[in-house]
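The next block holds one structure in the form of structure tokens; read it before the comments.
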Amino acid sequence: MKELAEVRTLKVNRYIIIDDEPCKILSISTSKPGKHGEAKARIEAVGIFDNQKRSVVHPVKHKVGVPMIDKRSAQILSIMGDNVQLMDMETYQTFEMSIPDELKGQLEPGKEILYIEALGRKKITRT
């Protein structure tokens, strides 16, 4: 899910959709309006799921997509190789996710973890 917002309302450490990828904003710089134009903003961001840097330039009155980031907690049911089976603590829905490289060896059944969900994709953030 996403909503629209004007570029001038965006702030650092918030989120934006660039190339259909939810990204966290690292910096925003704006230029002065020209003689016949309007001010433009350059947005530097990093992808939430792929950690790839992206930048985009838009007029400050342009509307851009802002992803709805859902932060949730889940309990680890089992670990199967590089995947982990989780159960959401609110909905009791079970699903599988791949284990991020930085968390391999730290997860064990019964522990609670935090994950984020955006645009139908999920990622484990921390234990």
Side-chain angles (χ1 to χ4, degrees):
M1 292 178 35
K2 66 179 182 177
E3 57 186 24
L4 293 177
E6 282 193 7
V7 171
R8 66 178 164 205
T9 63
L10 298 176
K11 294 185 172 26
V12 175
N13 289 329
R14 298 270 173 90
Y15 300 96
I16 185 173
I17 298 174
I18 301 175
D19 300 331
D20 291 327
E21 184 73 28
C23 301
K24 187 172 187 174
I25 298 173
L26 299 175
S27 69
I28 301 174
S29 57
T30 55
S31 65
K32 291 198 280 186
K35 187 174 180 182
H36 300 289
E38 59 182 299
K40 297 208 177 7
R42 178 181 180 84
I43 301 169
E44 301 280 336
V46 64
I48 296 173
F49 297 109
D50 60 0
N51 288 333
Q52 201 172 20
K53 275 197 165 183
R54 293 176 169 82
S55 64
V56 67
V57 178
H58 287 299
V60 292
K61 292 182 181 175
H62 185 77
K63 291 197 182 283
V64 293
V66 177
M68 303 296 286
I69 305 291
D70 198 8
K71 296 178 181 174
R72 300 176 153 262
S73 62
Q75 182 179 10
I76 300 171
L77 296 178
S78 65
I79 297 173
M80 304 158 292
D82 287 342
N83 289 343
V84 62
Q85 187 177 22
L86 302 170
M87 178 182 66
D88 189 284
M89 297 304 284
E90 282 182 36
T91 64
Y92 303 109
Q93 170 191 6
T94 59
F95 53 91
E96 276 188 38
M97 292 174 65
S98 60
I99 302 173
D101 292 335
E102 63 269 10
L103 294 178
K104 285 190 176 164
Q106 298 179 21
L107 303 180
E108 54 191 51
K111 277 179 90 175
E112 275 192 37
I113 55 107
L114 297 175
Y115 73 96
I116 57 172
E117 186 173 4
L119 299 179
R121 295 164 64 191
K122 298 174 183 165
K123 177 184 176 184
I124 297 174
T125 53
R126 59 188 161 145
T127 56

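Using a 4.5 Å heavy-atom threshold, the side chains of Thr91 and Arg72 count as touching. Two residues are said to be in side-chain contact when any heavy atoms from C-beta on lie closer than 4.5 Å; Ile99 and Ile79 meet this criterion. Residues Tyr15 and Pro22 have side chains not in contact (no heavy-atom distance under 4.5 Å, counting atoms from C-beta outward). Residues Leu4 and Val66 have side chains not in contact (no heavy-atom distance under 4.5 Å, counting atoms from C-beta outward).
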**OP:** Verify side chain to side chain contact (heavy atoms under 4.5 Å, CB included) between Ile25 and Lys11, making sure each step is shown before the conclusion.
**Re:** CA-CA 7 Å; Ile25 298 173; Lys11 294 185 172 26; over 6 Å; no

Original post:
Hey, mind stepping through Lys122 and Ile116 against side chain to side chain contact (heavy atoms under 4.5 Å, CB included) and telling me if it holds?
Top reply: CA-CA 6 Å; Lys122 298 174 183 165; Ile116 57 172; over 6 Å; no

**OP:** For side chain to side chain contact (heavy atoms under 4.5 Å, CB included), just list the numbers for Val57 and Ile43, CA-CA rounded to whole Å, side-chain angles, deciding distance to a tenth of an Å, and then say yes or no.
**Re:** CA-CA 6 Å; Val57 178; Ile43 301 169; over 6 Å; no

Subject >> side chain to side chain contact (heavy atoms under 4.5 Å, CB included) between Leu86 and Asp88, worked out >> reply: CA-CA 7 Å; Leu86 302 170; Asp88 189 284; over 6 Å; no

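Heavy atoms of other residues, nucleotides or ligands lying less than 6.0 angstrom from NZ of Lys61 number 12 at most. Under a cut-off of 6.0 angstrom, the local environment of CG in Asp50 is crowded, with over 12 non-hydrogen atoms contributed by other residues, nucleotides or ligands. Within a 6.0 Å radius of CE in Met80, more than 12 heavy atoms belonging to other residues, nucleotides or ligands are found. Heavy atoms of other residues, nucleotides or ligands lying less than 6.0 angstrom from NZ of Lys2 number 12 at most.
Each of Arg54, Lys53, Gln52 was checked for a side-chain contact (heavy atoms from CB on, under 4.5 Å) with Cys23, and the lone residue meeting it is Arg54. Checked against Ile124 for a side-chain contact (heavy atoms from CB on, under 4.5 Å), the options Leu114, Ile113, Ile76 give a single hit: Ile113. None of Ile17, Leu10, Thr9 except one satisfies the side-chain contact (heavy atoms from CB on, under 4.5 Å) rule with Val64; the exception is Leu10.
At distances below 3.5 Å, at least one donor-acceptor pair connects side-chain atoms of Lys123 with backbone N or O atoms of Ile48. When atom types are taken as modelled, the side chain of Ser98 and the backbone of Asn83 share no donor-acceptor pair closer than 3.5 angstrom. Within the 3.5 Å criterion, the main-chain N or O of Met89 finds no donor-acceptor partner in the side chain of Gln93.
Closest heavy-atom contact between Gln75 and Gly110: NE2-O, 3.6 Å. Nearest heavy atom pair, residue Pro109 against residue Ser78, reads CG-CA, 4.5 Å.
A single hydrophobic cluster is not seen to contain both Ile18 and Leu26; linkage of ILVMFWY side chains at heavy-atom distances under 4.5 Å, directly or through other members, places them apart. If you chain together hydrophobic residues whose side chains sit under 4.5 Å apart, Met68 and Phe49 never meet in one group.
Annotation: the span from Leu103 atom CG to Thr125 atom OG1 amounts to 8.5 Å, rounded to 0.5 Å. The CG atom of Asn51 lies 11.0 Å from the NZ atom of Lys24; values are rounded to the nearest 0.5 Å.
For the residue pair Ser27 / Glu44, no side-chain donor-acceptor distance below 3.5 Å is found, with atom types taken as modelled.
Because its NZ or CZ atom is not both nearer than 6.0 Å to the ring centre of Tyr115 and within 45° of the ring axis, Lys71 does not count as a cation-pi partner of that residue.
A salt bridge between Glu21 and Arg121 is present, with a side-chain N of the basic residue lying under 4.0 Å from a carboxylate O of the acidic one.
Applying the side-chain hydrogen bond (donor to acceptor under 3.5 Å, both in side chains) test to Arg8 and every residue at least two apart in sequence or in another chain returns Glu6.
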